[in-house]
Amino acid sequence: MKKILLLGLIILVLVGCGSSKDETTFKIGILQWAEHAALDDAAQGLISELESMGLDKVEIIHKNANDDNSAANLIVGQFVDAGVDLIYAIATPAAQVAVSATEGTDIPVVFNAVTDAVSAGLVESNEKPNGRVTGVSDMAPIDTQLALIKEFLPKANAVGVIYNTGEDNSVHQIALIESLIGNHGMTLNVQGVSSAQEIAFASEQVTANSDAIYIITDNMIAKAAPQVVGIANEIKVPVFMAESGQIDQGILASDSISYFGLGTQAARMVKSILVDGINPGDIPVEISQTTSLFVNEKVALELGVEIPDSILERATLK
């Protein structure tokens, strides 16, 4: 009888040890700032890669703030109450809310779709973030994308850009474009907006004086891309975009970063933090250096734009 009891006790101990290791469940709160293709892909890339890495015991709480700061703050409060182990914040405003609203806690924050994390006040530097925050930048290869516009349209003189004046990342990108566009023999027509209601008028204004429109990685403008495209294409002005998620909505071309790929990069950071115990502040901010060129052949035909052979050689046609 004693032997049986002893054997049972050993089995219980072994089972208990095994379950504490194998059944560990991490709870991750995903705060997505808005619903559009790029940010959706950043979320799905993370989820898919976590599964690929074998982290199948992860509870995901995915919520969308729908461009609303108050909603974002409420969501982060719910994450804290739910005892999440980590917050994955997609887009700069979401990341800023996540970091601010969890101040005084030890909840790590991994961001994505943030162009310049330093100027957004999220990290001290990309190389050494410090604190409990790190993530992935969606800095677009602006110089490459301006070169693409000129390659497509050798006679182009002016490029129009609409941006949200309240988004730090967008302000940073405008400054970069201003510093680079002259190298490509073009000038910049820029129109700032502070709300989605201003986009139609801004699109009409900037399109009237531009040979091409360039949609940067700006959440407000990206969400309204079909509206911008409709106005531009009506007067045969082609639209280029920093990412290809909406290439089927009238965009002519995009030498694009992959937001799904950025999500997979973030997933590896999440694993390092939750599983390997690495301090987020010791994980450098990552920037993707890989792009893929996509061209909408139907749009080119409709606009009467000839696709140069140099582009056909390396592009994926849609």
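Just so it is clear, the model here is predicted, and its values are computed rather than measured. Scope of the values below: all heavy atoms of this structure, side chains included, with no hydrogens, waters or symmetry mates.
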In terms of hydrophobic clustering (I, L, V, M, F, W, Y; side-chain heavy atoms under 4.5 Å; direct or indirect links), are [X] and [Y] co-clustered?
{"X": "L176", "Y": "Y163", "answer": "yes"}
{"X": "M186", "Y": "V190", "answer": "yes"}
{"X": "I47", "Y": "I87", "answer": "no"}
{"X": "L50", "Y": "Y88", "answer": "yes"}

What I want to find out is whether [X] reaches [Y] closely enough, with some N-O distance under 4.0 Å, to be called a salt bridge.
{"X": "R268", "Y": "E49", "value": "yes"}
{"X": "K155", "Y": "D211", "value": "no"}
{"X": "E151", "Y": "R314", "value": "yes"}
{"X": "D218", "Y": "K223", "value": "no"}

Between atom [atom1] of [X] and atom [atom2] of [Y], what is the distance when rounded to the nearest 0.5 Å?
{"X": "I213", "Y": "N189", "atom1": "CD1", "atom2": "CG", "answer": "8.0 Å"}
{"X": "M139", "Y": "S288", "atom1": "CE", "atom2": "OG", "answer": "12.5 Å"}
{"X": "I174", "Y": "S179", "atom1": "CD1", "atom2": "OG", "answer": "11.0 Å"}
{"X": "L293", "Y": "S254", "atom1": "CG", "atom2": "OG", "answer": "8.0 Å"}

Just so I know, are the side chains of [X] and [Y] near enough to count as touching, which here means a heavy-atom distance under 4.5 Å?
{"X": "T102", "Y": "V80", "answer": "yes"}
{"X": "Y214", "Y": "I142", "answer": "yes"}
{"X": "D41", "Y": "S258", "answer": "no"}
{"X": "V275", "Y": "L55", "answer": "yes"}
{"X": "M220", "Y": "I199", "answer": "yes"}
{"X": "P238", "Y": "V299", "answer": "no"}
{"X": "N73", "Y": "I75", "answer": "no"}
{"X": "V123", "Y": "T134", "answer": "no"}

Can you confirm whether more than 12 heavy atoms, excluding those of [X], are under 6.0 Å from its [atom1] atom?
{"X": "K150", "atom1": "NZ", "result": "yes"}
{"X": "E297", "atom1": "CD", "result": "no"}
{"X": "E35", "atom1": "CD", "result": "no"}
{"X": "E306", "atom1": "CD", "result": "no"}

(request) Could you check T115, N219, T92 and say which one makes a side chain to side chain donor-acceptor pair (under 3.5 Å) with E167? (result)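 Result: among T115, N219, T92, N219 is the only option passing the side chain to side chain donor-acceptor pair (under 3.5 Å) with E167.
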
Donor + acceptor pair across side chains of [X], [Y] (<3.5 Å):
{"X": "E243", "Y": "Y259", "answer": "no"}
{"X": "Q96", "Y": "D168", "answer": "yes"}
{"X": "E286", "Y": "Q265", "answer": "yes"}

(message) With a 3.5 Å distance limit and no angle check, can you tell me whether S119 reaches the backbone of D116 through a side-chain donor-acceptor pair?
(response)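 Here the side-chain-to-backbone pair exists.
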
(request) For the pair Q32 (side chain) and H62 (backbone), establish whether a donor and an acceptor sit closer than 3.5 Å, ignoring hydrogens and angles. (result)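 Between the backbone of H62 and the side chain of Q32 there is no qualifying donor-acceptor contact (under 3.5 Å).
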
(request) Please lay out, stage by stage, how N130 and E124 fare under the test side chain to side chain donor-acceptor pair (under 3.5 Å). (result) CA-CA 7 Å; N130 288 326; E124 291 184 11; 2.6 Å; yes

(message) Which residues pass the side chain to side chain donor-acceptor pair (under 3.5 Å) test with E178, not counting sequence neighbours?
(response)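 Per chain and number, E178 pairs via side chain to side chain donor-acceptor pair (under 3.5 Å) with no residue.
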
(message) For S137, give me all partners under side chain to side chain donor-acceptor pair (under 3.5 Å), at least two apart in sequence or on another chain.
(response)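 Side chain to side chain donor-acceptor pair (under 3.5 Å) check on S137 returns nothing, list empty.
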
(request) Could you identify which residues cluster with L301, counting Ile, Leu, Val, Met, Phe, Trp and Tyr as linked when any side-chain heavy atoms lie under 4.5 Å apart, either directly or through a chain of such contacts? (result)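 When side chains under 4.5 Å apart are linked, L301 ends up in no cluster with other residues.
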
(message) Taking the six-membered ring for Trp, are F152 and F240 closer than 6.0 Å centroid to centroid?
(response)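 Yes; F240 has its ring centre under 6.0 Å from that of F152.
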
(request) Could you check I30, I107, L31 and say which one makes a side chain to side chain contact (heavy atoms under 4.5 Å, CB included) with F79? (result)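 Only one option passes, and that is L31.
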
(request) Quick one: do V159 and I181 satisfy side chain to side chain contact (heavy atoms under 4.5 Å, CB included)? Show the steps, please. (result) CA-CA 9 Å; V159 175; I181 196 163; 3.9 Å; yes

(message) Looking at every heavy atom in both S194 and N164, which two are closest together, and how far apart are they?
(response)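 Scanning both residues completely, I find the closest heavy atoms to be CA-OD1, 4.3 Å.
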
